[in-house]
There are 2 protein chains.
Amino acid sequence: MTDERLTKFQEFITSKSIFFPSAEIYSDNFAGFYEYGPIGNKIRLNIIDFWRKEFVKKNNFLEISGSVILPKSVFEASGHLKKFDDPIATCSKCKQVFKLDKLLSTTIDKEVHENLSDEEYNQIIKENNVVCSFCKSPLEKITRFNLMAPLNIGAKEGNIGYLRGETCQSIFIDFLRVYKTSRQMLPLGICQHGKVYRNEISPRNGLLRCREFEQLECELFFNPKKINDIDISNILNKKIRLRLKKDDQEKEYSVKEIIDQEIVCGKTIVYYMSVLQTFLLDIGFSIKDLRFREPSDQEKAFYSKQQFDLEIFSENSWVELFCINYRTDYDLTSHTKGSKKDLSIVEDSEKFIPHVLEVASIGLDRLFYLLLERSFVLKEANQEKRNVLMLSSKISPFFVSILPLVKKDGLLEKGQEIYNNLKQENLPFDIFFDEKGSIGKRYARLDEIGCNFCLTIDHQTLEDKTLTIRNRDTFEQKRINVDDLKETLLSLYYDL
Amino acid sequence: MTDERLTKFQEFITSKSIFFPSAEIYSDNFAGFYEYGPIGNKIRLNIIDFWRKEFVKKNNFLEISGSVILPKSVFEASGHLKKFDDPIATCSKCKQVFKLDKLLSTTIDKEVHENLSDEEYNQIIKENNVVCSFCKSPLEKITRFNLMAPLNIGAKEGNIGYLRGETCQSIFIDFLRVYKTSRQMLPLGICQHGKVYRNEISPRNGLLRCREFEQLECELFFNPKKINDIDISNILNKKIRLRLKKDDQEKEYSVKEIIDQEIVCGKTIVYYMSVLQTFLLDIGFSIKDLRFREPSDQEKAFYSKQQFDLEIFSENSWVELFCINYRTDYDLTSHTKGSKKDLSIVEDSEKFIPHVLEVASIGLDRLFYLLLERSFVLKEANQEKRNVLMLSSKISPFFVSILPLVKKDGLLEKGQEIYNNLKQENLPFDIFFDEKGSIGKRYARLDEIGCNFCLTIDHQTLEDKTLTIRNRDTFEQKRINVDDLKETLLSLYYDL
């Protein structure tokens, strides 16, 4: 991103209240929480809708909605109370708390991972003489800070619940019930959308690392013996963009190559990589924006048999959006032990604990931010650069706006008539009516928030029932008949 | 509700996993938290969609999405840390904690309010010799238990946030920013959907009183001098069902009577009562199910200039669904004081703090439960009683299902072809395909979850391209042509 584009993008976010810090009128130290303004929230809701229609429904997944607070026993069993933590060190003098991997990485200008041992961290501190970055005093003993936020439930002390750090645990603990009350067939994909909480030590980068955020999750339960029982014949030649450990850069591999070279440990995995890549391209990314990165052994989750991190290129670096993660029977086995309830099922007369493929646990706020950042362009218009938000028709806050050229001569009334008629038509998109300011200023305002098409009502409209339709991305205008409006808009909406 | 219907309804909720207790495989004491299964969640999402389309968009309100956790200063200013509490008493021996108004109401069989003074409670305890209902020991000193759940934010101790108890505070603290980045015109309605938390002492009645639940909120900001500047000429004869303090039962008053008799303190209030009543009728309640009840002075919120509680009749009692509440300038004045930021605006050259009408803060889980309970009927079919969930087409989990009469003779393939063709059509509703079991059992299963129409593919379909369409509520069937299917379904969907 050029500096100019980045600056303009940040200005746009703030000036249009796309998102902004929570409780900003108060001066509390309250980093890591954000609010979506009306336009930002429309885009956010469209992304959720798109995920539900194009990902959940098309794949015949089931969606549930579980509670955000769950009892201690759930997170004891899942391992979150032991493992879901960050290494920290406190300044011996000013008591500032540091996320150790971050502090060390910055100080020694080399990436330090967040899952080293205390000894390894101590060695780096010693070798590089790392001190408090504020008051330069020595650091105190290294500890782990758990990111799960505890709460006392009810008036009696001692009944502890936690705000979930991921949306997946309710999917695991509800699995058997959902299985039994649905078709009782594997594979079974269960999805969930909702808030999650991580008590980050130093939240940063706006929406990219918050303490409160949303996930769009999907966990696939399957019989491990049938990991290859999936039809991939239609996608054998499809290219998936990978960044493998063995390669020194991103490379496109066909699905056939991925299978033949045993890059994945089962066809189910590459099938869903293909589904996910299509989803991301359909929502508005281009292929060069993304990669499935194979993490180092050190980075990989301890329960993971195979993992790829889907990353998006943004502001000159790669940002993780989600992982596709073969979690094996880790989760259902852990909850079987924790709850002492048998979570196995019977298929083909065989009793077993299903395996889990975490297809994706998408950070919604990250997806939102990365999509806006990738869609924001500076476009030449009348010798100046104009902000244009090139969102697809399914994601933009308004698909079409209706603009009377001027308010007089009956054009305002004609515009309102067309607007009201369209609103009666049960169209699948939102329509905006704007009569304020010069037509040029209105175009600019609507380009900036990503409105795909502008319909302008002028004097000719009164004569021959035509109006101009203007394309946001090309600025091209042509005249169409008002009687054809509904069909024209619908075909543009679905074909785009 | 007859006992039989109630029993069948509870069986239906459980057996279809419409909703169920969170973490039920664990034995923690974890009351007041629920999960929605796949069918329940579809209904839940449809209710949210309906609210967004029929309430938010039709009234030109703006929707935002704020964070659930907010800093202490926000709730100090709003009064929640002082006032958002329940009176409690602890048993001197077994240490059981009681919600005092509830315990006293049950013991003396007369309603005791939750906002009496300590002296008043003590007097009732003394006069009636109220003791612990478990071990019969005396109760200890009366205190107040705050329902707001505190959390430490970040690794440093002392930075306190709270889980919000209502969705409205972010609307108030974001008001000025939303006003400035929208049309800068009053009245301005700001809406929000999201989770809220109340650390209830004794959650009960399933979804009716949870510790975690969702709200569908709308706050209208307006110039108090213009409370009557709203066009109600079209609704003057419309009847609103009220339960006034002065009347001894529910009565229907026309909007004109409500204005003339000064039942409300401004036209804006009755206008939105009418909007809300229409919304509730459109979503599926009948007029006899609801009333706007005028609360006693003791029940009324302390900041409220005028309040009506919208109640729904369910299981032989009235349940509060939301209030319409004229909050005056209480909220914006409180946050002006708390934040030391000027939240006033200028209109007609006059600077003032806008007034707030809480149009509705709907408990989504209550709305969900009450709607299902009202829609659940036992219907005679083949000499037995069948469960039918009479949800409207916009709310039901599936509008239509496709059922091949048998799997053989090419009927399965024909059914799949029709299903796949319909799925390509970008229809606004969900379609279910079901080939398992006898046709009678399939009808029964689909009636129970509220599927509006069943399409049955039989041998005649192969001959003359017709199929039967069956109406859930009448069990009537007629034959229609496959070529007319899309138009028939769309007109049924929008006309119903």
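Fair warning: this is a prediction, and the values are worked out from it, not measured in the lab. Numbers restart at 1 for each chain; the letters A, B, ... are given by sequence-line order, proteins then strands.
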Give the table of side-chain donor-acceptor pairs shorter than 3.5 Å for residues 171-181 of chain B, with sequence neighbours excluded, one pair per line with atom names and distance.
{"unit_1": "B:Arg177", "atom_1": "NE", "unit_2": "A:Glu24", "atom_2": "OE2", "d": "2.5"}
{"unit_1": "B:Arg177", "atom_1": "NH1", "unit_2": "A:Thr14", "atom_2": "O", "d": "3.1"}
{"unit_1": "B:Arg177", "atom_1": "NH1", "unit_2": "A:Ser17", "atom_2": "OG", "d": "2.9"}
{"unit_1": "B:Arg177", "atom_1": "NH2", "unit_2": "A:Glu24", "atom_2": "OE1", "d": "3.3"}
{"unit_1": "B:Tyr179", "atom_1": "OH", "unit_2": "B:Gln184", "atom_2": "O", "d": "3.1"}
{"unit_1": "B:Thr181", "atom_1": "OG1", "unit_2": "A:Ser17", "atom_2": "OG", "d": "3.0"}
{"unit_1": "B:Thr181", "atom_1": "OG1", "unit_2": "B:Arg177", "atom_2": "O", "d": "2.8"}

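- Residues B:Arg211 and A:Ile69 fail the side-chain proximity criterion, which asks for heavy atoms closer than 4.5 Å.
- Looking at A:Phe20, the atoms closer than 4.5 Å to chain B (heavy atoms on both sides) all sit in the side chain, from C-beta outward.
- Using a 4.5 Å cut-off between heavy atoms, B:Thr90 makes no contact with chain A at all.
- Nearest heavy atoms, A:Ser73 versus B:Tyr26: OG-CD2, 3.4 Å.
- In this structure, B:Ser22 and A:Leu70 have side chains that are in contact, with non-hydrogen atoms separated by less than 4.5 Å.
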side-chain contact (heavy atoms from CB on, under 4.5 Å), that's the test. Do A:Lys156 and B:Gln96 meet it? Break it down for me. CA-CA 8 Å; A:Lys156 232 178 171 174; B:Gln96 183 67 37; 4.2 Å; yes

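- Heavy-atom neighbours of B:Lys423 NZ from other residues, nucleotides or ligands within 6.0 Å: above the threshold of 12.
- Only the backbone of B:Pro150 comes within contact range of chain A, with heavy atoms under 4.5 Å apart.
- Between B:Glu35 atom CD and A:Ser170 atom OG the span is 5.0 Å, to the nearest 0.5 Å.
- Note that the OG atom of A:Ser182 and the NZ atom of B:Lys16 stand 11.0 Å from one another [nearest 0.5 Å].
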side-chain contact (heavy atoms from CB on, under 4.5 Å) between B:Asn41 and A:Gln192: does it pass, once the steps are laid out? CA-CA 10 Å; B:Asn41 189 54; A:Gln192 185 170 212; over 6 Å; no

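- B:Leu151 has its side chain within reach of A:Leu163: a pair of non-hydrogen atoms, C-beta onward, lies under 4.5 Å apart.
- If you tally non-hydrogen atom pairs under 4.5 Å between each of B:Asn159, B:Asp430, B:Ile153 and chain A, the highest count goes to B:Ile153.
- Only the backbone of B:Asn152 has a heavy atom closer than 4.5 Å to any heavy atom of chain A.
- Of the two parts of A:Lys340, neither the backbone nor the side chain holds a non-hydrogen atom closer than 4.5 Å to a non-hydrogen atom of chain B.
- For B:Asp342, no part sits under 4.5 Å from any heavy atom of chain A, backbone or side chain.
- Side-chain atoms of B:Val68 and A:Tyr197, non-hydrogen and from C-beta on, do get closer than 4.5 Å to each other.
- No donor-acceptor pair closer than 3.5 Å links the side chain of A:Asn199 to the backbone N or O of B:Ala155.
- When heavy atoms are compared at a cutoff of 4.5 Å, A:Leu45 approaches chain B solely by way of its side chain, counted from C-beta outward.
- Proximity to chain A (any heavy atom under 4.5 Å) is shown, for B:Lys53, by neither the backbone nor the side chain.
- More than 12 heavy atoms of other residues, nucleotides or ligands shown are found within 6.0 angstrom of NZ on B:Lys195.
- Neither the backbone nor the side chain of B:Pro428 comes within contact range of chain A; no heavy atoms are under 4.5 Å apart.
- Top candidate by heavy-atom pairs under 4.5 Å with chain A, chosen from B:Val74, B:Ile39, B:Val97, is B:Val74.
- Residue with the most contacts toward chain B among A:Tyr36, A:Phe213, A:Phe30: A:Phe30 (heavy-atom pairs, distance under 4.5 Å).
- Options B:Glu212, B:Lys436, B:His335 differ in how many heavy-atom pairs under 4.5 Å they form with chain A, and the most are formed by B:Glu212.
- Proximity to chain A is limited to the backbone of B:Phe433, based on heavy atoms less than 4.5 angstrom apart.
- Closest of all the heavy-atom pairs between A:Phe33 and B:Ser67 is CB-OG, 3.9 Å.
- If you measure heavy-atom distances from A:Phe145 to chain B, the contacts under 4.5 Å come from the side chain alone.
- In terms of heavy atoms, B:Ile64 sits closest to A:Pro38 at CG2-CD, 3.8 Å.
- Proximity to chain A (any heavy atom under 4.5 Å) is shown, for B:Asn426, by both the backbone and the side chain.
- Per-residue heavy-atom pair counts under 4.5 Å with chain A were compared for B:Lys42, B:Lys341, B:Lys95, and the maximum is reached by B:Lys341.
- The part of B:Leu343 that comes within reach of chain A is its side chain, from C-beta onward, which places non-hydrogen atoms under 4.5 angstrom from that chain.
- Proximity to chain A is absent for every atom of B:Lys58, based on heavy atoms less than 4.5 angstrom apart.
- Considering every non-hydrogen atom in both A:Ser65 and B:Arg44, the closest pair reads OG-CZ, 3.5 Å.
- Atom OH of B:Tyr494 sits about 10.0 Å away from atom CD of A:Glu425, to the nearest 0.5 Å.
- Within the 4.5 angstrom heavy-atom criterion, atoms from both the backbone and the side chain of B:Arg183 approach chain A.
- Among pairs with a residue in residues 60-75 of chain A, those fulfilling salt bridge (Lys or Arg N to Asp or Glu O under 4.0 Å) read A:Arg52-A:Glu63, at least two apart in sequence or across chains.
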